[in-house]
Q: 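Pasting in a structure now, in structure tokens, and then I'll have a few things to ask.
Computation of the quantities below employed the complete heavy-atom set of this structure, encompassing side-chain atoms and omitting hydrogens, waters and symmetry-equivalent molecules. Both ligands and their constituent atoms are indexed starting at 1 by order of listing.
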Amino acid sequence: MSRPREAELELDDIQRGALSPRPTPYAATYLLFRIDDRVHGRELMRRASTAVTSAAESVSPLGATWVSVAVTCTGLAALGVPRSSLDTFAWEFRQGMAARAKALADVGESSPENWEAPLGSSGVHVALTAVAPDPQLLTAALDRARPAYDRLPGVTAVWRQDCYALPTETEHFGYRDGVSHPAVEGSGIPGSNELEVPLKAGEFILGYRDELGGIQAPQPDVLGRNGSYAVFRKLHQQVAGFRRYLKDNSTGPADEELIAAKIMGRWRSGAPLALAPQRDDPGLGVDPHRRNTFLYERDDPTGFDTPRGCHIRRANPRDASVAGEVRLHRMIRRGAVYGPPLPEGVLEDDGADRGLMFAFIGAHLGRQFEFVQSQWINDGVFFGGNDAKDPVVGSADGATGYTIPRRPVRRRLVALPQFVVTRGGEYCFLPSLSALRWL
Ligand code: HEM
């Protein structure tokens with residue numbers, strides 16, 4: 001039975017991967033498993049529970065290193081969780097990401113039939129993620145986790161993705177990432193924006209009161225509470241195409257940087273247009289106390305500085321009232337870069353696969369991840385852009401454009417290509433440590 005609890009989070013039962021921001025720099029590995037044998041699958045869960053780090057261990061001897069384990073819906077079924085329990089999980093989770101392709105704008109090149117096997121198939125059951133501040137510590141973390149899955153009959157590793165921070169500390173398009181994250185009541189982890197009132201724990205952790213006053217937790221309680229939903233998506237980035245588009249649509253290097261900032265909402269340094277509207281301020285971009293403390297409706301309601309349709313204003317309109325309360329659509333993000341960087345200045349595609357392993361944590365797959373992905377990123381109506389989509393990560397089809405209003409002068413970008421292609425992904429459940437033992 002769900003207990004009505006306020007903000008006293010049981011941190012020692014919650015996976016650290018749910019709440020902690022990743023270290024900077026970082027190295028991370030995603031490992032996926034298929035379970036063909038229920039008994040050994042359950043043994044994997046039991047052993048994994050000893051390798052998984054809890055949110056209470058915020059200072060481990062190995063620094064910011066952790067291992068987390070998540071399960072898909074077909075994974076829960078393969079572990080023998082009965083239908084009556086599965087039916088208490090979120091509808092979107094039960095469908096799986098591939099079945100939600102249309103809603104997520106995973107169409108054309110991004111559609112599931114083009115995904116990397118076995119992503120999106122019924123044969124992906126368990127995801128183990130290890131995160132560390134550098135490759136050596138990552139190898140050590142993976143070595144420590146290996147006994148959990150090694151030589152277990154009926155447990156097969158089916159996919160692996162290694163991720164390493166770029167030397168530039170940016171994602172592949174060249175922007176600093178991992179800047180903005182919400183504060184969660186009771187987590188002890190400060191949010192990045194002092195102007196944002198911390199969100200109720202139930203927005204991210206199941207079994208606690210959320211912003212609407214409700215408590216969501218799949219049943220039985222031992223399985224559902226202290227868990228979260230986790231989404232990961234392998235997003236390929238067309239870096240050469242992105243660079244070429246900026247070059248072809250600008251009058252020179254300074255103009256190129258301005259346009260790059262106007263479509264993201266931040267200069268590549270991380271400095272936000274809201275606080276540095278005229279020119280880049282690299283010192284601001286690395287200042288965690290200042291670079292995220294701003295609002296839009298209060299400070300720039302017209303969007304003259306930070307265009308209403310840019311990536312960060314769409315993904316988190318902050319104090320705006322667009323399609324309901326913004327607080328109901330916040331998310332914890334964990335982006336990790338994969339693939340080699342495209343050397344600076346190269347404008348031709350070299351055929352290498354590079355991009356972002358996007359990860360989401362939250363208690364509400366529908367109103368958090370799916371809403372932002374489908375409405376705010378891929379539907380322009382709320383942002384006055386009609387059929388325009390997010391200019392950086394939206395599923396553009398070359399037909400739509402993007403308007404940079406006024407400052408410094410009004411500009412219209414046309415025929416925006418699609419810069420990000422989905423290569424696959426999964427909807428997962430990140431169980432508590434006691435649920436891992438129970439499974
Ligand atoms: C912020 C890049 C996909 C949601 C950012 C930032 C960058 C970025 C550079 C600014 C730094 C920061 O605030 O941490 C990218 C790239 C993507 C991608 C390169 C794809 C390859 C997505 C997707 C979603 C998303 C798919 C959601 C479904 C957000 C949110 C923020 C953000 C919520 C924080 C906005 C704020 O609080 O100000 N992204 N992103 N991003 N992104 Fe993305």
Q: Would you please indicate if the ring centroids of His125 and Phe33 are separated by under 6.0 Å?
A: no
Q: Counting each atom of ligand 1 from 1 as listed, which ones have a heavy atom of Val179 under 4.0 Å away?
A: 11 (C), 12 (C), 13 (O), 14 (O)
Q: Is it the case that ligand 1 has an N or O less than 3.5 angstrom from some N or O of Ile377?
A: no
Q: Using the rule ring pair (Phe, Tyr, Trp, His ring centres under 6.0 Å), only one of Tyr229, Phe369, Tyr427 pairs with Phe93; which is it?
A: Tyr229
Q: For Gln373, take its heavy atoms, then give the atoms of ligand 1 lying under 4.0 Å from any of them.
A: 26 (C), 28 (C)
Q: Heavy atoms only: which of Gly270, Gly178, Gly355, Ser180 lies closest to atom 37 (O) of ligand 1?
A: Ser180
Q: List ligand 1 atoms under 4.0 Å from Arg318, heavy atoms only on the residue side.
A: 36 (C), 37 (O), 38 (O)
Q: Could I get the full list of ring pair (Phe, Tyr, Trp, His ring centres under 6.0 Å) partners for Tyr402, not counting sequence neighbours?
A: none
Q: To the nearest 0.5 angstrom, please state how far the CE atom of Met331 sits from the CG atom of Leu365.
A: 10.5 Å
Q: Is there a polar contact, in the sense of an N or O pair closer than 3.5 Å, between Tyr175 and ligand 1?
A: no
Q: Which value, rounded to the nearest 0.5 Å, describes the distance between Ser228 atom OG and Gln216 atom CD?
A: 12.5 Å
Q: Between Arg176 and ligand 1, which residue portion shows a heavy-atom distance shorter than 4.0 Å: side chain, backbone, both, or neither?
A: backbone
Q: In Å, rounded to the nearest 0.5 Å, how long is the span from CD of Gln238 to CZ of Arg244?
A: 9.5 Å
Q: Can we say Glu185 and Lys200 salt-bridge, meaning some charged N sits less than 4.0 Å from an Asp/Glu carboxylate O?
A: yes
Q: Please determine whether a side-chain nitrogen of the Lys or Arg among Arg330 and Glu196 lies less than 4.0 Å from a carboxylate oxygen of the Asp or Glu.
A: yes
Q: Taking the non-hydrogen atoms of His172, is any one of them nearer than 4.0 angstrom to ligand 1?
A: no
Q: For ligand 1, which atoms, with element, lie under 4.0 Å from some heavy atom of Leu356?
A: 16 (C), 17 (C), 20 (C), 21 (C)
Q: Just jot down the ligand 1 atoms closer than 4.0 angstrom to any heavy atom of Glu171, in number order.
A: 19 (C)
Q: Could you tell me whether Arg313 and Glu297 have a side-chain N and a carboxylate O separated by less than 4.0 Å?
A: yes
Q: Assess Lys234 against Phe358: is NZ or CZ under 6.0 Å from the centre of the six-membered ring, and within 45 degrees of the ring's axis?
A: no
Q: What distance separates Arg233 CZ from Trp115 CH2, expressed to the nearest 0.5 Å?
A: 6.5 Å
Q: Taking N or O atoms only and a 3.5 Å limit, does Asn316 qualify as a polar contact for ligand 1?
A: yes
Q: Using a strict 4.0 Å threshold on nitrogen-to-oxygen distance, state whether Asp280 and Arg268 make a salt bridge.
A: no
Q: Checking Arg266 against Asn292: is there a side-chain donor and acceptor pair closer than 3.5 Å?
A: yes
Q: Can you check the number of protein N/O/S atoms within less than 2.8 Å of atom 43 (Fe) of ligand 1?
A: 1
Q: Tell me the contacting part of His181 for ligand 1: side chain, backbone, both, or neither, using a 4.0 Å heavy-atom threshold, strictly below.
A: neither
Q: Starting from atom 2 (C) of ligand 1, what is the nearest protein heavy atom, named by residue and atom, and what distance separates them?
A: Met264 CE, 3.9 Å
Q: Side chain, backbone, both or neither: which applies to Phe369 and ligand 1 if a contact is any heavy-atom pair less than 4.0 Å apart?
A: side chain
